[in-house]
Amino acid sequence: AYPYEALKDAETLKSIKIRLLRQLTEELILTKKAEELGLKVTDAELEKAISFISSDYPEGAFEKTLFENAVSMQVWKKRLKLRLIMEKVIEKELIEKVNVSTKEAREYYQKYNQNDKTVNINPGISEPPPADEAINTSLIKRLRREKAQLRYSDWISNIQNQYKVELNSSKWKEILE
């Protein structure tokens with residue numbers, strides 16, 4: 001969402017249109033990749049995500065928010081399902097393939113332990129990492145996600161090279177004007 005005044009600026013509007021085209025292109029490509037990998041979002045997964053998201057709102061407020069933003073529940077669910085399938089592709093094809101060495105994990109733990117006092121199980125002790133498997137797993141997952149974020153641009157570019165997305169140049173020029 002953008003402030004109404006921002007949409008009056010030609011350069012801002014052009015930037016928004018270019019960003020939207022990139023987003024739609026990525027969605028198409030990741031959807032195709034999901035089909036090839038046989039990845040799907042089940043009704044149960046979708047309902048779980050809907051419940052999780054809407055649980056942050058008081059009774060009826062979530063639907064009211066959608067209504068105020070002129071988004072139907074049906075369209076919102078469709079977009080959520082698309083987002084979930086894209087997340088599955090990214091998880092399977094990028095995040096799960098990120099390697100984390102013991103050294104990286106140890107350094108990350110030390111950094112995290114120093115910067116986030118809520119996870120500091122043994123104050124003042126940064127070696128060895130705690131034996132609590134849930135914390136170790138959580139930190140590794142977090143590190144893996146951070147590393148994946150750094151690789152995302154190259155990764156998505158490689159995937160885009162595998163798929164041909166044609167753009168009607170003359171129509172695109174009209175849209176940008």
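V165 and I156 fall within the same hydrophobic cluster, defined by Ile, Leu, Val, Met, Phe, Trp and Tyr side-chain heavy atoms under 4.5 Å apart, directly or through other members. Clustering ILVMFWY residues whenever any of their side-chain heavy atoms sit less than 4.5 angstrom apart, transitively, puts L24 in a cluster other than the one holding V71.
Heavy atoms from other residues, nucleotides or ligands lying under 6.0 Å from CD of E68 number more than 12. Within 6.0 Å of NZ on K141 lie no more than 12 heavy atoms contributed by other residues, nucleotides or ligands. Residue N158 places its CG atom among more than 12 non-hydrogen atoms of other residues, nucleotides or ligands, all under 6.0 Å distant.
Each of V75, I53, I85, V41 was checked for a side chain to side chain contact (heavy atoms under 4.5 Å, CB included) with L80, and the lone residue meeting it is I53.
Taken from CD in Q160 to CG in L28, the straight-line distance is 10.5 Å, to the nearest 0.5 Å. Rounding to the nearest 0.5 Å gives a distance of 9.5 Å between OH of Y108 and CD1 of I140. Put simply, NZ on K164 and CD1 on I29 are 13.0 Å apart, with the number rounded to the nearest 0.5 Å. To the nearest 0.5 Å, the span separating NZ on K77 from CG on D43 amounts to 9.5 Å. The NZ atom of K48 lies 12.5 Å from the CG atom of L46; values are rounded to the nearest 0.5 Å. Here S51 contributes atom OG and D56 contributes atom CG; the two are 11.5 Å apart, rounded to the nearest 0.5 Å.
By the salt bridge (charged side-chain N to carboxylate O under 4.0 Å, His left out) test, K78 is found to be paired with no residue, residues two or more places apart in sequence or in another chain being considered. Taking the side chain to side chain donor-acceptor pair (under 3.5 Å) definition, one finds that K88 meets it with E45, sequence neighbours left out. Partners of K33 according to the salt bridge (charged side-chain N to carboxylate O under 4.0 Å, His left out) rule, which considers only residues two or more places apart in sequence or in another chain, do not exist here. Every ring pair (Phe, Tyr, Trp, His ring centres under 6.0 Å) that W155 has, sequence neighbours left out, goes to Y152. K14 pairs by the salt bridge (charged side-chain N to carboxylate O under 4.0 Å, His left out) definition with nothing, not counting sequence neighbours. Taking the salt bridge (charged side-chain N to carboxylate O under 4.0 Å, His left out) definition, one finds that E59 meets it with nothing, sequence neighbours left out.
Residues I175 and L21 have side chains not in contact (no heavy-atom distance under 4.5 Å, counting atoms from C-beta outward). A heavy-atom distance below 4.5 Å is not found between the side chains of Y57 and E63. By the 4.5 Å heavy-atom criterion applied to side chains, Y163 and L30 are not counted as neighbours.
Pairs of residues two or more places apart, or lying in two chains, that qualify as ring pair (Phe, Tyr, Trp, His ring centres under 6.0 Å) and include a residue from residues 69-89 are F62-W76. Counting only residues at least two apart or in different chains, ring pair (Phe, Tyr, Trp, His ring centres under 6.0 Å) contacts with residues 13-33 are absent. The salt bridge (charged side-chain N to carboxylate O under 4.0 Å, His left out) pairs that include a residue from residues 147-158 are E104-K147, where partners are two or more places apart or lie in different chains. The salt bridge (charged side-chain N to carboxylate O under 4.0 Å, His left out) analysis of residues 20-31, with sequence neighbours excluded, yields the pairs E27-R79. Residue pairs meeting the ring pair (Phe, Tyr, Trp, His ring centres under 6.0 Å) criterion with at least one partner in residues 12-44, sequence neighbours excluded, do not occur; the list is empty.
Residues K111 and E107 are not paired through a salt bridge, judged by the lack of any N-O separation under 4.0 Å between the basic side chain and the carboxylate.
At distances below 3.5 Å, not a single donor-acceptor pair connects side-chain atoms of D9 with backbone N or O atoms of E5.
Under the 3.5 Å distance criterion, with hydrogens and angles disregarded, a donor-acceptor pair is assigned to the side chains of N168 and S170.
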Hey, can you pull the donor-acceptor pairs under 3.5 Å for the side chains in residues 90-98, sequence neighbours left out?
from	atom 1	to	atom 2	distance (Å)
E91	OE1	R145	NH2	3.1

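Across L84 and A49, no two heavy atoms sit closer than the pair CD1-CB, 3.8 Å.
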Candidate pair I18 and L176, rule side chain to side chain contact (heavy atoms under 4.5 Å, CB included), full reasoning: CA-CA 8 Å; I18 291 169; L176 287 179; 4.0 Å; yes

